[in-house]
Amino acid sequence: MATIQKRGLHTVEVNKDELNKKIRRHRQRIAILMLLAFLLIVIAGIALYIYAQSKTYDEYEVITATDRADTSAAQFRIFHNNLLKYTNDGAVYTDRNGNLVWNQTYEMDRPMLAMRDSYVAIYELNGNQIYIMDTVNLQGSIHTSMPIQKVSIAKQGTVAVLMESEGVSYLQLYDKLGNQLAAGELHVQNSGYPLDIALSETGEKLAVSILDINEGNVKTTIAFYNFGVVGQNSIDKIVGSYSYSDVMIPQIEYLSGDIMVGFGDDRVLLFTGEQKPVEEKNIRFEQQIKSIFYNENYFGVIYDGEGTGKQYCAQLYEKTGSRALEILFDMDYTTVEILGNKEICIRNENDCEIYNLRGTKKFSYSFPEHLYMIIPEKVSSEYTLIIEGQTQLVKLK
């Protein structure tokens, strides 16, 4: 029904139904335009992401540079997103700008690091000293009575120590202050020779890889210890044991959660289980594994690229055992690592190649100086380079 409105000297007839239809059509047009604008933004974002993932760089410009005084024996690691430099004489922990956080002196012929989360254990291979540091200062120290073979650390600073003396291997567990929590022995003639140890994130579970050679037959056993309530009801706190004939497993590592990875000469073993680990996967390779690399969420192997047209083949796996990436490359490498932004960095003293998770070679460069480390920044094209004598913040181009 139409109504009559008087406005001054004029009379206007208004159809309410028609007016409501116009309002609805206007609102629909606005909604459609907003949806189209949103879709355009999404499409542009996807296109930008694909472009960024496929873009390659072979040059860079230096944004800032900070000089450093290093010795030829200096080694570097990223510790809690800052820089840890260690030598035979001590370790220095600084932020990215070179500001000192802590400085720990020592005398070690072969200093080694065990690192997890915000704790790092600095120890001497075949020596007797361990320093437990956090991101602020020294937390505790341990002096052992036998030569140290391997140290593994948990996220709260608990350390497991493997030692050896006169044919007997010793396992000891310490808190971050250096107080002993547990101890045990492994007699080589009865149990075999321990190759490696791995302490879980919580410090409650310990895995030991043990090599047994009997009359020319090789066998590796991975034994799992539990220092919690479950282990108290088990003989010698052993809650699981798995043996593999004709296989060497020289390195084992706990990734995030309760996933333990065993790196064999021709396979990778995955174990899961909150209290009693079970074998989840046995990933076998036709060729011998030359190198491994890993972080808390991924692990990778490298073997000869026979039949691929390249010298090497690198395969990256998620911690569940699903293959995420394969890279074929020719560089004679010394280091392969998973960067903090999930990119793969392959390098030697002067050459560097970076691949993203799509398998694209993002960056390739030969440095005139010794390249110690490359660290990704928040901007995808920016990195911090630890090169001989300088720390540089650079932008790829």
Side-chain angles (χ1 to χ4, degrees), residues 56 75-78 112-115 150 195-196 198 209 211 218 220 222 244 246-256 259-271 280-367 370-376 383 386:
T56 60
Q75 300 183 71
F76 297 86
R77 293 282 296 274
I78 292 299
M112 308 289 286
L113 301 184
M115 189 181 302
K150 181 68 184 290
L195 297 174
D196 199 11
S209 178
L211 177 67
V218 175
T220 301
I222 298 179
Y244 302 89
D246 300 321
V247 177
M248 286 190 63
I249 307 173
Q251 188 164 350
I252 56 178
E253 298 291 343
Y254 265 99
L255 307 185
S256 61
I259 297 178
M260 205 286 293
V261 182
F263 297 98
D265 48 9
D266 66 347
R267 70 193 65 192
V268 175
L269 304 165
L270 261 67
F271 297 88
E280 188 72 24
K281 287 193 176 182
N282 186 334
I283 306 171
R284 302 192 65 171
F285 302 91
E286 294 183 0
Q287 299 187 49
Q288 294 286 304
I289 295 173
K290 297 180 67 68
S291 306
I292 64 167
F293 55 101
Y294 59 90
N295 66 5
E296 65 273 13
N297 294 312
Y298 293 90
F299 64 88
V301 300
I302 298 176
Y303 51 85
D304 288 334
E306 185 177 324
T308 66
K310 294 289 185 179
Q311 187 172 358
Y312 302 109
C313 176
Q315 290 190 356
L316 179 71
Y317 291 80
E318 296 178 2
K319 65 179 181 179
T320 58
S322 300
R323 195 169 77 176
L325 177 66
E326 181 176 273
I327 299 170
L328 302 175
F329 65 98
D330 287 317
M331 179 190 296
D332 289 325
Y333 66 95
T334 57
T335 303
V336 179
E337 58 188 337
I338 306 169
L339 301 180
N341 59 357
K342 300 181 182 180
E343 293 174 341
I344 310 302
C345 180
I346 304 171
R347 58 183 172 86
N348 53 38
E349 286 190 356
N350 298 99
D351 304 311
C352 175
E353 292 180 354
I354 296 177
Y355 295 81
N356 60 30
L357 286 181
R358 293 170 60 90
T360 301
K361 186 192 293 185
K362 179 179 179 179
F363 179 60
S364 179
Y365 196 81
S366 293
F367 295 85
H370 185 165
L371 174 66
Y372 291 103
M373 186 170 291
I374 183 166
I375 310 163
Y383 294 82
I386 310 301

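Model, not experiment: these values are computed from the prediction.
Across all non-hydrogen atoms, the minimal contact from Met373 to Arg77 is CE-CA, 3.4 Å. Annotation for Ala324 and Glu318: closest pair CB-CG, 4.2 Å, computed over non-hydrogen atoms. Across all non-hydrogen atoms, the minimal contact from Ile78 to Met115 is O-SD, 3.3 Å. Asp196 approaches Pro250 most closely through the heavy-atom pair CB-O, 3.4 Å. Of all non-hydrogen atoms in Leu339 and Ile374, the two that sit nearest each other are CD2-O, 3.5 Å. Cys352 and Leu371 make their closest contact through CB-CD2, 3.8 Å (heavy atoms, listed as atom of the first residue, atom of the second, distance).
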Checking Asp351 against Ser366 for the side-chain hydrogen bond (donor to acceptor under 3.5 Å, both in side chains) test, could you report, in this order, the C-alpha distance in whole Å, the side-chain angles of both residues, the deciding distance, and whether it holds?
CA-CA 4 Å; Asp351 304 311; Ser366 293; 2.6 Å; yes
Output, in order, the C-alpha distance, side-chain angles, deciding distance and verdict of side-chain contact (heavy atoms from CB on, under 4.5 Å) for Glu253 and Phe263.
CA-CA 8 Å; Glu253 298 291 343; Phe263 297 98; 4.3 Å; yes
Under the criterion side-chain hydrogen bond (donor to acceptor under 3.5 Å, both in side chains), I'd like the reasoning laid out for Ser291 against Tyr333: C-alpha separation, chi angles, the key distance, then a yes or no.
CA-CA 10 Å; Ser291 306; Tyr333 66 95; 2.6 Å; yes
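With a 4.5 Å cut-off on side-chain heavy atoms, Tyr312 and Ile346 do not count as touching. Residues Ile344 and Ile338 have side chains in contact (heavy-atom distance under 4.5 Å, counting atoms from C-beta outward). Using a 4.5 Å cut-off on side-chain heavy atoms (C-beta onward), Phe329 and Lys361 make no contact. Within the 4.5 Å cutoff, no side-chain heavy atoms of Phe299 are placed close to those of Ile292.
Of the candidates Met260, Lys281, Lys319, Lys281 is the only one forming a side-chain contact (heavy atoms from CB on, under 4.5 Å) with Leu270.
Using a cut-off of 4.0 Å between Lys/Arg side-chain N and Asp/Glu carboxylate O, Arg347 and Glu337 are scored as salt-bridged.
Atom CG of Leu211 and atom CG of Leu195 lie 5.0 Å apart (nearest 0.5 Å). Rounding to the nearest 0.5 Å gives a distance of 14.5 Å between OH of Tyr294 and CG of Leu316. The CD1 atom of Ile283 sits 9.0 Å away from the CD atom of Gln315 when rounded to the nearest 0.5 Å. The OH atom of Tyr298 lies 5.0 Å from the CG atom of Leu357; values are rounded to the nearest 0.5 Å. Put simply, CD on Gln288 and CG on Asp265 are 5.0 Å apart, with the number rounded to the nearest 0.5 Å. Taking OG1 from Thr360 and CD1 from Ile354, the interatomic distance works out to 13.0 Å, rounded to the nearest 0.5 Å.
Under the 3.5 Å distance criterion, the side-chain polar atoms of Asn341 are matched with a main-chain donor or acceptor of Glu343. Counting only distance, with no hydrogens or angles, the side chain of Thr220 and the backbone of Val247 share a donor-acceptor pair below 3.5 Å. A side-chain donor-acceptor contact under 3.5 Å links Gln287 to the backbone of Asp304. The main-chain N or O of Gln311 is found under 3.5 Å from a side-chain atom of Asp330 such that the two form a donor-acceptor pair. Here the side chain of Ser209 pairs a donor or acceptor atom with the backbone of Ile249 at under 3.5 angstrom.
The neighbour count for Lys342 NZ, taken as heavy atoms of other residues, nucleotides or ligands under 6.0 Å away, does not exceed 12.
In this structure, Tyr317 and Phe285 have perpendicular ring planes: the angle between them is above 60°, well past the 30° mark. Ring orientation note: the planes of Phe363 and Tyr365 are close to parallel, at an angle under 30° on the 30°/60° scale.
Contacts of Asn282 classified as side chain to side chain donor-acceptor pair (under 3.5 Å), with partners at least two apart in sequence or in another chain: none.
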